[in-house]
Number of protein chains: 2
Amino acid sequence: MSSFTVLVEVQLRQGVADPQGATIERALPALGFDTVAGVSVGKAFRFTIDADDAAAAEQQVEDLCKRFLTNPVIEDSIVTVQAA
Amino acid sequence: MSSFTVLVEVQLRQGVADPQGATIERALPALGFDTVAGVSVGKAFRFTIDADDAAAAEQQVEDLCKRFLTNPVIEDSIVTVQAA
């Protein structure tokens, strides 16, 4: 068993309203940042997982995502697994 | 000017209580995931920014982070800038 560091980024799917992102985007030009566009706000889960290899770790994390970390109806996840 | 895709991951600093992460970590073994540890939950901001080059984009994003996206007293950010 080896240990892997995992980042799961969860973002709302395209087309799902993202009021937090829209508010930030609307506010930024008035604050001096007029080159920023397409803001979306999601969640970032960080954790470590023990598994036999990177593929097994990734599979477990995908399962975890589908079952608990995301709502697959409205959210998408991007998983990054690195050897710790 | 070129366009860059940015991911800003904001996590609570070490030592700052993270009840969301702690709750997930406590729940997972009962749900069949007993190899997961050190869970922390943060925010993930995605956006695009226009800048002359990657270094300028990174500088603008760091400034944005410090001023609006994080509370530097309790939060840390990890910035990833990629050419779009």
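Computed from a predicted model, the values in this text were never measured in an experiment. Here is the naming used below: chain letters follow the sequence lines, and residue numbers restart at 1 for every chain.
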Among B:Thr5, B:Thr48, B:Val6, residue most engaged with chain A (heavy-atom pairs, under 4.5 Å): B:Thr48

Gap between atom CG of A:Leu69 and atom CG of B:Leu28 - 0.5 Å precision: 7.5 Å

Part of residues 30-47 of chain B lying next to chain A, heavy-atom separation under 4.5 Å: B:Leu31, B:Phe33, B:Thr35, B:Val36, B:Ala37, B:Gly38, B:Val39, B:Ser40, B:Val41, B:Gly42, B:Lys43, B:Ala44, B:Phe45, B:Arg46, B:Phe47

Toward chain A: residues of residues 56-68 of chain B with heavy atoms under 4.5 Å: B:Gln60, B:Asp63, B:Leu64, B:Arg67, B:Phe68

Contact listing (chain B partner; residues 10-23 of chain A; heavy atom under 4.5 Å): A:Gln11

hydrophobic_cluster_shared for A:Leu7 and B:Ile24, side chain cutoff 4.5 Å: no

Would you mind writing out the side-chain donor-acceptor pairs for residues 72-81 of chain B within the sub-3.5 Å range, not counting sequence neighbours?
unit_1, atom_1, unit_2, atom_2, d
B:Glu75, OE1, B:Asn71, N, 2.8

